[in-house]
Colleague: 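Below is a structure I'd like to ask you about.
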Amino acid sequence: MVGPTASGKSELALEAARKLPDIELVSMDSMQIYRGMDIGTAKPTRAEQAASHLHLVDVVDPWETFSVKRFQHAARAAVHDIEARGKRALLVGGTGLYVQSVIDDLRFPGEDLELRRSLEAEAAEPEGLHAAYERLQRLDPTAAARIDSGNTRRIVRALEVIELTGKPFSSFGPGLRELGSATVFPVQLIGLAFPASVLNARIETRVHEMIDTGLVDEVEGLRSEPRGWSRTARQAIGYKEVDAFLGGDEPTLESAIDRVIKRTRSFARRQRAWFARDGRIEWFEVGKNSGETRSRILASWGAV
RNA sequence: GGCCGGGUAGCUCAGUCGGCAGAGCACGCGCCUGAAAAGCGCGGGGUCACCGGAUCGACGCCGGUCCCGGCCA
């Protein structure tokens with residue numbers, strides 16, 4: 001079950017797990033992975049987690065870095081484990097790449113952080129980035145055609161893979177768009193959709209609730225952690241903006257909150273765009289008659 | 001009341017010597033294979049406060065009006 005943030009996925013999934021004892025939940029969320037990042041990631045409560053057999057929440061500490069590759073292993077293991085016990089796994093979450101890494105045949109070539117750092121240093125300057133892109137065009141024209149010339153992140157990664165493996169980056173997969181429709185195990189894909197205006201209002205409400213329930217304190221705690229706060233964890237929306245406020249880079253809490261709301265809206269838009277291109281997803285409009293729609297979904301899974 | 005600074009995109013502001021109106025953010029659309037709540041591309045949007053003048057040509061120069069901020073009285 002996929003959909004943009006604040007579309008009510010978790011709530012519906014928790015209800016499913018409550019009504020259908022053979023269902024266990026597997027979170028498809030890149031930020032609920034981190035322990036101690038609870039409020040800003042809208043994590044279910046401990047009680048809800050236990051009652052729903054929620055997997056892949058709180059698996060690493062905030063000072064650890066995490067990756068799609070690790071997620072892929074852990075999530076597939078969780079699904080196999082659930083199914084081996086004769087139960088059904090309900091995968092729920094809004095991190096598009098993570099979902100596809102689990103259900104589709106994505107194979108991630110290795111990584112070399114040392115090499116990556118030197119490539120990043122090269123690409124930091126505009127001329128260096130230009131040179132890097134030209135090298136990519138020469139070494140792997142197919143990959144270069146799929147990557148924008150200004151996208152440092154992806155140019156660096158492509159060159160890293162080429163130098164590390166001696167093979168073209170594009171030889172490791174056809175690109176997400178060209179992946180076949182067959183998943184690696186049987187999956188039914190459904191999406192929850194809201195009209196943008198309704199979703200935006202829900203996002204605004206939710207952000208204010210996060211502040212009211214102690215997001216600032218939570219961020220303060222993470223900031224004072226001596227073991228640090230990893231590159232991957234600290235980019236969570238809500239956290240980085242409040243962190244900027246506490247660090248003095250954002251003038252007021254109000255302006256930080258405003259940024260959180262805007263970043264979340266923009267994130268929801270990107271989620272919509274990501275999932276929209278996946279023709280396998282069956283969409284449910286939950287803006288109106290949401291109760292009825294939700295009941296219909298639950299009934300299709302066997303709820304009375 | 002006097003002096004000075006300002007009024008340009010939804011917001012914050014650039015705009016050289018008078019020559020087709022710009023950026024960042026926001027908004028809309030799209031891309032995406034080991035950071036993905038990340039990263040990136042494209043697009044719509046303007047009575048340049050208003051009125052008049054000189055000029056082939058004004059956001060820019062001249063005169064006036066209105067509004068905002070500061071200093072002086």
Side-chain angles (χ1 to χ4, degrees), chain A residues 2 4-6 27-34 37 40-43 60 64-74 93-113 115-117 120 123 129 133 140 142-162 164-165 167-179 196-197 200 203 206-207 210 229-243 250-251 255 258-278:
Chain A
V2 301
T5 187
S27 167
M28 299 283 119
D29 187 300
S30 64
M31 293 300 159
Q32 291 187 359
I33 286 288
Y34 298 103
M37 290 173 57
T41 63
K43 208 178 275 179
V60 297
E64 295 178 63
T65 55
F66 200 71
S67 73
V68 202
K69 175 90 169 235
R70 279 185 71 181
F71 183 83
Q72 181 183 50
H73 280 299
T95 305
L97 179 62
Y98 278 21
V99 173
Q100 280 199 265
S101 78
V102 178
I103 67 172
D104 285 320
D105 187 21
L106 262 58
R107 295 167 196 198
F108 301 99
E111 69 178 348
D112 182 336
L113 294 178
L115 177 57
R116 185 182 302 177
R117 257 192 298 277
E120 276 169 352
L129 178 62
Y133 188 66
D140 187 352
T142 310
R146 289 205 288 249
I147 299 175
D148 286 313
S149 62
N151 199 334
T152 310
R153 184 75 57 90
R154 302 197 55 239
I155 292 168
V156 165
R157 172 61 184 154
L159 288 172
E160 174 192 345
V161 169
I162 293 168
L164 179 65
T165 65
K167 290 194 282 187
F169 182 60
S170 57
S171 69
F172 290 93
L176 289 167
R177 181 172 276 287
E178 280 79 26
L179 276 172
S197 59
N200 286 344
I203 286 170
R206 187 149 93 157
V207 169
M210 287 173 177
W229 194 6
S230 77
R231 188 184 57 177
T232 51
R234 71 180 317 139
Q235 64 193 14
I237 296 174
Y239 292 85
K240 60 176 167 231
E241 294 82 4
V242 171
D243 181 45
E250 186 71 41
S255 63
D258 189 56
R259 288 182 68 83
V260 173
I261 291 168
K262 283 172 175 164
R263 290 288 295 150
T264 308
R265 277 207 291 256
S266 143
F267 170 49
R269 194 201 70 71
R270 275 179 285 132
Q271 287 177 301
R272 214 183 314 133
W274 179 287
F275 293 122
R277 64 189 184 140
D278 193 332

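Heavy atoms only: backbone and side chains are in, while hydrogens, waters and symmetry mates are out.
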Colleague: So does A:Q271 get a side-chain nitrogen or oxygen closer than 4.0 Å to the phosphate oxygens (OP1/OP2) of B:rA37?
Modeller: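 Negative; the distance criterion is not met.
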Colleague: Return the nearest nucleotide to the side chain of A:W274; candidates are B:rA36, B:rA37, B:rG30.
Modeller: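 Among B:rA36, B:rA37, B:rG30, the one nearest the side chain of A:W274 is B:rA36.
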Colleague: For B:rC68 versus B:rA23, give the span between their C1' atoms, rounded off to a whole number of Å.
Modeller: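 About 24 Å, rounded to a whole number of Å.
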Colleague: Mapping A:R107 and A:Y34 onto RNA chain B by nearest heavy atom, which one lands closer to the 5' end?
Modeller: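 The 5'-side residue here is A:R107.
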Colleague: Is it the case that B:rA37 (base atoms only) and A:Q32 (side chain only) share a donor and an acceptor within less than 3.5 Å, ignoring hydrogens and angles?
Modeller: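 No pair found.
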Colleague: At under 4.0 Å between heavy atoms, what does A:Y98 touch on the DNA or RNA strands: base, sugar-phosphate, or nothing?
Modeller: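 Touches sugar-phosphate only.
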Colleague: Of the non-hydrogen atoms in A:F275 and A:G93, which two are nearest, and what is the gap between them?
Modeller: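 Between these two residues, the closest heavy atoms are CZ-O, 4.3 Å.
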Colleague: How far, in whole Å, is B:rU12 from B:rC27 if one measures between their C1' atoms?
Modeller: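 The same atom, C1', in both gives a distance of 16 Å.
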Colleague: Sequence neighbours excluded, which residues qualify as side chain to side chain contact (heavy atoms under 4.5 Å, CB included) partners of A:T152?
Modeller: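 Only A:A123, A:L129, A:V156 meet the side chain to side chain contact (heavy atoms under 4.5 Å, CB included) criterion with A:T152.
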Colleague: Over all strands shown, is A:E120 touching base, sugar-phosphate only, or nothing at heavy-atom distances under 4.0 angstrom?
Modeller: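 Here A:E120 touches the bases of the nucleic acid.
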Colleague: Indicate yes or no: at least one non-hydrogen side-chain atom of A:L106 is less than 4.5 angstrom from one of A:L97.
Modeller: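 Side-chain contact under 4.5 Å: yes.
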Colleague: Can you give one letter per nucleotide of nucleotides 22-29 of chain B, 5' to 3': B if a protein heavy atom sits under 4.0 Å from the base, S if only from the sugar-phosphate, - if neither?
Modeller: ----SS-B
Colleague: Expressed in angstrom and rounded to an integer, what is the separation of A:L129 atom CG from B:rC40 atom C1'?
Modeller: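 Interatomic distance, CG of A:L129 to C1' of B:rC40: 11 Å.
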Colleague: Side-chain N or O of A:R116 versus OP1/OP2 of B:rA35: is the shortest distance under 4.0 Å?
Modeller: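 It does, given that an N or O in the side chain of A:R116 lies less than 4.0 Å from OP1 or OP2 of B:rA35.
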Colleague: Could you check A:D105 against A:R153 and say which one's nearest nucleotide on RNA chain B is further toward the 5' end?
Modeller: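 Here A:D105 is the residue nearer the 5' end.
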Colleague: Distance check needed: B:rA35 C1' versus A:M37 CE, whole Å only.
Modeller: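 Distance, rounded to whole Å: 13 Å.
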Colleague: For residues A:R206 and A:T5, is any side-chain donor paired with an opposing acceptor at under 3.5 Å?
Modeller: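 Yes, side-chain donor-acceptor contact under 3.5 Å.
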Colleague: Starting from C1' on B:rA35, measure out to CZ on A:F66 and report it in whole angstrom.
Modeller: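 Rounding to the nearest Å, CZ of A:F66 and C1' of B:rA35 are 12 Å apart.
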Colleague: With sequence neighbours excluded, what pairs up with A:S255 under the side chain to side chain donor-acceptor pair (under 3.5 Å) test?
Modeller: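 Listed in chain order: A:E250, A:T252.
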Colleague: Using whole Å, what does the distance between atom P of nucleotide B:rC40 and atom CD1 of A:I147 come to?
Modeller: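 Going from A:I147 (CD1) to B:rC40 (P), I get 13 Å.
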Colleague: For atom C1', what is the distance between B:rA14 and B:rA54, given to the nearest Å?
Modeller: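 These two C1' atoms come out 28 Å apart once rounded.
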Colleague: Which part of the nucleic acid, if any, lies within contact of A:G150, taking any heavy atom under 4.0 Å across all strands shown: a base, the sugar-phosphate backbone alone, or nothing?
Modeller: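 If one applies the 4.0 Å heavy-atom cut-off, A:G150 turns out to touch the sugar-phosphate alone, with no base involved.
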Colleague: How far, in whole Å, is B:rG10 from B:rG53 if one measures between their P atoms?
Modeller: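 Rounded to whole Å, the distance is 29 Å.
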Colleague: Regarding A:Y239, tell me which of base, sugar-phosphate or nothing describes its non-hydrogen contacts under 4.0 Å with the strands shown.
Modeller: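 Contact class for A:Y239: none.
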Colleague: Quick one: the dot-bracket string of RNA chain B, using Watson-Crick and G-U wobble pairs with both distances under 3.5 Å, [ ] for crossing pairs and | for bases paired to another strand.
Modeller: (((((((..((((.....[..)))).(((((.......))))).....(((((..]....)))))))))))).
Colleague: Any chance CZ of A:R116 has more than 12 other-residue heavy atoms, nucleotides or ligands included, within less than 6.0 Å?
Modeller: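 Yes - once you tally the heavy atoms of other residues, nucleotides and ligands closer than 6.0 Å, there are more than 12.
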Colleague: When all nucleic acid strands are considered with a 4.0 Å heavy-atom cut-off, which category describes A:T95: base, sugar-phosphate, or nothing?
Modeller: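 It contacts sugar-phosphate atoms only.
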Colleague: Would a 4.5 Å heavy-atom cut-off, applied to side chains only, mark A:F108 and A:S101 as touching?
Modeller: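 In short, these two side chains touch, coming nearer than 4.5 Å.
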Colleague: Say we look at B:rG19 and B:rU55: how far apart would their C1' atoms be, to the nearest angstrom?
Modeller: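 Result for the C1' pair: 12 Å, nearest Å.
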Colleague: With rounding to the closest Å, how many angstrom separate the P atoms on B:rG64 and B:rC56?
Modeller: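 The answer is 24 Å between these two P atoms.
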Colleague: Supply the atom-to-atom distance A:I261 CD1 to A:M210 CE, rounded to the nearest 0.5 angstrom.
Modeller: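 Interatomic distance, A:I261 CD1 to A:M210 CE, rounded to 0.5 Å: 11.0 Å.
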Colleague: Reckon A:G110 touches a base, only the sugar-phosphate, or nothing at all at heavy-atom distances under 4.0 Å?
Modeller: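 Touches a base.
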Colleague: Between B:rG60 and B:rC48, how far is it from one C1' atom to the other, in whole Å?
Modeller: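 Straight-line distance between the two C1' atoms is 10 Å.
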Colleague: Between A:R117 and A:E120 (salt bridge meaning N to carboxylate O under 4.0 Å), is one present in this structure?
Modeller: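 No.
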Colleague: Donor-acceptor pairs under 3.5 angstrom involving side-chain atoms of residues 229-240 of chain A: please list them, not counting sequence neighbours.
Modeller:
unit_1, atom_1, unit_2, atom_2, d
A:S230, OG, A:P62, O, 3.2
A:S230, OG, A:E64, O, 2.7
A:S230, OG, A:T232, OG1, 3.1
A:S230, OG, A:A233, N, 3.1
A:T232, OG1, A:Y34, OH, 2.6
A:T232, OG1, A:F66, N, 3.2
A:R234, NH1, A:W229, O, 3.4
A:R234, NH2, A:D243, OD2, 3.3
A:Y239, OH, A:D38, N, 3.4
A:Y239, OH, A:G40, N, 2.9
A:Y239, OH, A:E218, OE2, 2.4
A:K240, NZ, A:Q235, O, 2.9

Colleague: Mind calculating the distance between OH (A:Y133) and C1' (B:rG41) to the nearest angstrom?
Modeller: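 These atoms are roughly 11 Å apart.
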Colleague: Please report the distance, rounded to the nearest Å, between CZ in A:R270 and P in B:rA37.
Modeller: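 Atom CZ in A:R270 sits about 8 Å away from atom P in B:rA37.
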Colleague: I need the CZ-P distance between A:F169 and B:rG39, as an integer number of Å.
Modeller: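 So the CZ-P distance, A:F169 to B:rG39, works out to 17 Å.
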Colleague: Specify the separation, in whole Å, of atom CG of A:L97 and atom C1' of B:rA37.
Modeller: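 Rounded to whole Å, this separation is 13 Å.
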Colleague: Only counting residues at least two apart or in another chain, list the ones meeting side chain to side chain contact (heavy atoms under 4.5 Å, CB included) with A:T95.
Modeller: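 Checked A:T95 against side chain to side chain contact (heavy atoms under 4.5 Å, CB included); matches are A:S30, A:Y98.
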Colleague: Is there a donor-acceptor contact under 3.5 Å from the side chain of A:K167 to the main chain of A:I162?
Modeller: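 The answer is no, because no donor-acceptor pair under 3.5 Å joins these two groups.
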Colleague: What's the closest nucleotide to the A:T41 side chain, out of B:rA36, B:rA37, B:rA35?
Modeller: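 Given the options B:rA36, B:rA37, B:rA35, the side chain of A:T41 is closest to B:rA37.
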Colleague: Describe the nucleic acid contact of A:D29 in one word from base, sugar-phosphate, nothing, applying a heavy-atom distance below 4.0 Å.
Modeller: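 Counting heavy atoms under 4.0 Å across all strands, the contact made by A:D29 includes a base.
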Colleague: Between B:rU8 and B:rG70, how far apart are the two C1' atoms, rounded to whole Å?
Modeller: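 Nearest-Å result for B:rU8 against B:rG70 at atom C1': 22 Å.
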